[in-house]
Amino acid sequence: MANSGVQLLGFGLSLVGIIGLIVGTILPQWKMSAYVGDSIITAVATYQGLWMSCAFQSTGQLQCKIYDSILHLDNDLQATRALMIVGIIVSIAGLGVACMGMKCTTCGADDKVRKSRTAVTGGIILLVGALCAVVACSWFAHNVIRAFYNPFTPVNTKFEFGAAIFIAWAGSFLDVLGGAMLAASCTRSKQVSKYPKSNSARSASSSNNKEYV
């Protein structure tokens, strides 16, 4: 059987990764105001996320506003939001499948080979969900970088990476690592020898048959 410690470690990393994906998706700090050019000191810092935009004033007040209309958002933001949601749902489903196939659980303990294959299937599903999250974070980061270096973008509207995108990145990579550990925990079934019996075994069996005649 596969090492149960590796399975537990993969399960724990995947669980922490999913929590990181959820926290990163909810937080509004996916991108924040970039202090470049002449506007070094400003009274308001702007944050934008997948669900809301926030303004942090120098007085310590934080005001957030949820996006009113989904259709009014950019296509890139809608795609990033959809990929993150799909990644979280698929990762949670993969974690549930992997939990049923782990060595430390009693579900389906009669067939150890099938149980191990269930854990491998859960690991593969986790990898698919993590891949969706990685694509979403990388796509969003690419758009931020492209807008930052665009000479036609006004200086006061340029953004840089916020803390939420790094949390989502870390969660997705932990999800990849945990899913890979679970996917690698495959149990090989016992191989049946395809070679015929030796001559000595045949002679022994024939001699035994002669004694009973």
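Keep in mind that what you see is a predicted model, and the values were worked out from it rather than measured. Sequential numbering from 1 along the given sequence is applied to the chain's residues.
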If I take atom [atom1] from residue [X] and atom [atom2] from residue [Y], how far apart are they, to the nearest 0.5 angstrom?
| X | Y | atom1 | atom2 | result |
| --- | --- | --- | --- | --- |
| Ile22 | Ile85 | CD1 | CD1 | 11.5 Å |
| Leu177 | Ser172 | CG | OG | 11.5 Å |
| Leu8 | Leu15 | CG | CG | 12.0 Å |
| Leu77 | Lys31 | CG | NZ | 7.5 Å |
| Arg114 | Arg117 | CZ | CZ | 8.5 Å |
| Gln61 | Phe56 | CD | CZ | 9.5 Å |

Measure from the side-chain N and O atoms of [X] to the backbone N and O of [Y], and report whether any donor-acceptor pair falls under 3.5 Å.
| X | Y | value |
| --- | --- | --- |
| Lys158 | Phe148 | yes |
| Ser33 | Thr46 | yes |
| Asn150 | Phe152 | yes |
| Trp30 | Gly24 | yes |

Discussion item. Does Tyr67 form a side-chain contact (heavy atoms from CB on, under 4.5 Å) with Leu50? I'd like the steps, not just the answer.
Written reply: CA-CA 9 Å; Tyr67 299 137; Leu50 302 180; 6.0 Å; no

Worksheet item: Ser138 versus Trp169: any side-chain heavy-atom pair under 4.5 Å?
Response: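 SC-SC contact between Ser138 and Trp169 confirmed.
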
Worksheet item: With side chains defined as the heavy atoms from C-beta onward, is the minimum distance between Tyr47 and Met52 less than 4.5 Å?
Response: no

Fill in: Pair listing, salt bridge (charged side-chain N to carboxylate O under 4.0 Å, His left out) test, anchored in residues 48-68, at least two apart
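Listed by first then second residue: Lys65-Asp68.
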
Do [X] and [Y] belong together in a cluster built from hydrophobic side chains that touch within less than 4.5 Å?
| X | Y | result |
| --- | --- | --- |
| Val176 | Val16 | no |
| Leu131 | Ile167 | no |
| Ile26 | Leu73 | yes |
| Val128 | Val135 | no |
| Phe140 | Phe159 | no |

Looking only at heavy atoms, what is the nearest atom pair of [X] and [Y], with distance?
| X | Y | result |
| --- | --- | --- |
| Ala180 | Leu127 | N-CD2, 3.7 Å |
| Leu27 | Ala164 | CB-CB, 3.7 Å |
| Phe11 | Cys99 | CE1-CB, 3.9 Å |
| Gly87 | Cys132 | CA-CB, 3.9 Å |
| Gly123 | Ala98 | N-CB, 4.5 Å |
| Leu126 | Leu95 | CD2-N, 3.8 Å |

Item to complete: Test side-chain contact (heavy atoms from CB on, under 4.5 Å) on Leu21 and Met84 and set out the steps.
Response: CA-CA 8 Å; Leu21 290 178; Met84 290 300 297; 4.1 Å; yes

